[in-house]
Amino acid sequence: MKRLLPLLVLLGWISSLTGQSWSLETTIHRGRILKHTPRITYPIPASSNGLTVEWLYQTDGNKDWQEHHGYPLFGLAFRYYHLGDANILGHAIGLYPNLHLTLVNQPRWSMHFTVGSGLAVLTRSFDRLDNPLNNAIGSSVNNITAFALRFNFRLNDRLSLVGQGSFTHFSNAATSLPNLGINIPALAIGARYYPQRYSEKRLSGHSKMPTRRWGGFAFSGIGFKETALPGGAKWPIYFSSVGVLY
């Protein structure tokens, strides 16, 4: 509980800034690690079970893109996974922002596609002497990327049931070897609570597409990759990109 306290304080602070447009959701996940390559050397556990606590903010159409994309939701999710083998794989704890795109919105139910990415800590990683079978994760700090197809069934103005099919990926992008990654498809069920009564209030008036149709972008960055052997040198990788869009 002490570890969850900073997260709850953060969610409470964010909630105070967003009025009546926010909600809290908790889901329980049950899945199994996918053996996506024959190079995996550890035995696949019978199941991997998880818990997600998420703060959600409902957009109301005060920006052009919100109305055009069906009033999506922003989320900040805390996800915990017992990976199924505490000695080899350990536990995973992740925090990541995400975006929920509305696919269907009916009076009593809705369907969303969710994508998010952030940081995760895994309690067990590869060690040549202590944990040689875990060739999926080579470091404690990793990326978490999560996808989901979600269904939301409203029971009343304050409570909804949630069901989803999810896919969670953990890896460190080869910054430390080995890095085969862990992929977990899962089914989840849970509930969503609205502190203020749910409202379908939406702003409109942005029905026309923006008149400025052309744009551009430019960015650059640096990454690091470990090659050949675990514990070897980490080589810098520089990248940049420019482009136009219509």
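No side-chain heavy atom of Tyr246 sits under 4.5 Å from any side-chain heavy atom of Val244. Residues Lys234 and Ser176 meet the side-chain proximity criterion, which asks for heavy atoms closer than 4.5 Å. A 4.5 Å side-chain heavy-atom check between Arg150 and Met111 finds every atom pair outside the cut-off. Side-chain contact between Ile182 and Ser171: absent, with no pair of heavy atoms (C-beta onward) separated by less than 4.5 Å.
The backbone N or O of Leu83 sits less than 3.5 Å from a side-chain atom of Ser48, completing a donor-acceptor pair. Using modelled atom types, no side-chain atom of Asn142 and backbone atom of Ala120 make a donor-acceptor pair closer than 3.5 Å. In this structure, Arg192 contributes its side chain and Thr26 its backbone to no donor-acceptor pair below 3.5 Å. Proximity of a side-chain donor or acceptor of Arg154 to a complementary backbone N or O of Ser160 within less than 3.5 Å is not detected. Judged purely by atom type and a 3.5 angstrom limit, Asn179 uses its side chain to pair as donor or acceptor with the backbone of Asn172. Formation of a donor-acceptor pair under 3.5 Å by the Gln58 side chain with backbone atoms of Leu73 is not found in this model. Here the side chain of Arg124 pairs a donor or acceptor atom with the backbone of Asn87 at under 3.5 angstrom. For Asn49 (side chain) and Gly31 (main-chain N/O), no donor-acceptor pair under 3.5 Å exists by modelled atom type. No side-chain donor-acceptor contact under 3.5 Å links Thr102 to the backbone of Val104. Judged by distance alone, the side chain of Asn143 and the main-chain N or O of Gly118 form a donor-acceptor pair under 3.5 Å.
Here Tyr57 and Trp22 keep their ring centres 6.0 angstrom or further from each other.
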Leu119 vs Leu95, side-chain contact (heavy atoms from CB on, under 4.5 Å): CA-CA, chis, key distance, verdict | CA-CA 6 Å; Leu119 292 177; Leu95 183 67; over 6 Å; no
Check: Could you walk me through whether Glu54 and Leu56 pass the side-chain contact (heavy atoms from CB on, under 4.5 Å) check?
Finding: CA-CA 6 Å; Glu54 183 169 2; Leu56 291 163; 3.3 Å; yes
Derivation and outcome, side-chain contact (heavy atoms from CB on, under 4.5 Å), residues His29 and Ser166:
CA-CA 8 Å; His29 301 250; Ser166 66; 3.3 Å; yes
* Asked: Checking side-chain contact (heavy atoms from CB on, under 4.5 Å) for the pair Asp60/Gln66: CA distance, chi angles, key distance, verdict?
  -> CA-CA 7 Å; Asp60 59 7; Gln66 295 175 3; 3.9 Å; yes
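The two residues Thr168 and Arg79 have their closest heavy-atom pair at OG1-NH1, 2.7 Å. Looking at every heavy atom in both residues, Leu76 comes nearest to Pro97 through CD1-N, 4.1 Å. Taking each heavy atom of Phe217 and Ser241 in turn, the nearest pair found is CE1-OG, 3.9 Å. Heavy-atom minimum distance, Ala188 versus Thr27: CB-CB, 4.3 Å. Taking each heavy atom of Gly216 and Leu245 in turn, the nearest pair found is N-CG, 4.3 Å. The minimum heavy-atom distance linking His91 with Ala86 is given by the pair NE2-CB, 4.3 Å.
The hydrophobic cluster containing Tyr71 does not contain Val162, counting ILVMFWY residues as joined when their side-chain heavy atoms lie under 4.5 angstrom apart, directly or transitively. Under a hydrophobic clustering in which Ile, Leu, Val, Met, Phe, Trp and Tyr are joined whenever their side-chain heavy atoms come within less than 4.5 Å, directly or via other members, Tyr96 and Ile137 fall into the same cluster. The hydrophobic cluster containing Ile184 also contains Tyr42, counting ILVMFWY residues as joined when their side-chain heavy atoms lie under 4.5 angstrom apart, directly or transitively. Under the 4.5 Å side-chain contact rule for hydrophobic residues, Leu180 and Phe170 share a cluster. Cluster annotation: Leu122 is connected to Ile33 through the hydrophobic network of ILVMFWY side chains, with a link wherever side-chain heavy atoms come within less than 4.5 Å.
Atom CD1 of Ile28 sits in a sparse spot, with 12 or fewer heavy atoms from other residues, nucleotides or ligands closer than 6.0 Å. Residue-environment remark: CD1 (Ile189) stays at or below the threshold of 12 foreign heavy atoms within 6.0 Å.
Clustering of Ile, Leu, Val, Met, Phe, Trp and Tyr by side-chain heavy atoms under 4.5 Å joins Ile222 with Phe224, Tyr238.
Distance NE2/His69 to CG/Leu103: 12.5 Å, rounded to 0.5 Å. Between the OG atom of Ser23 and the CZ atom of Arg158 there is a distance of 12.5 Å, given to the nearest 0.5 Å.
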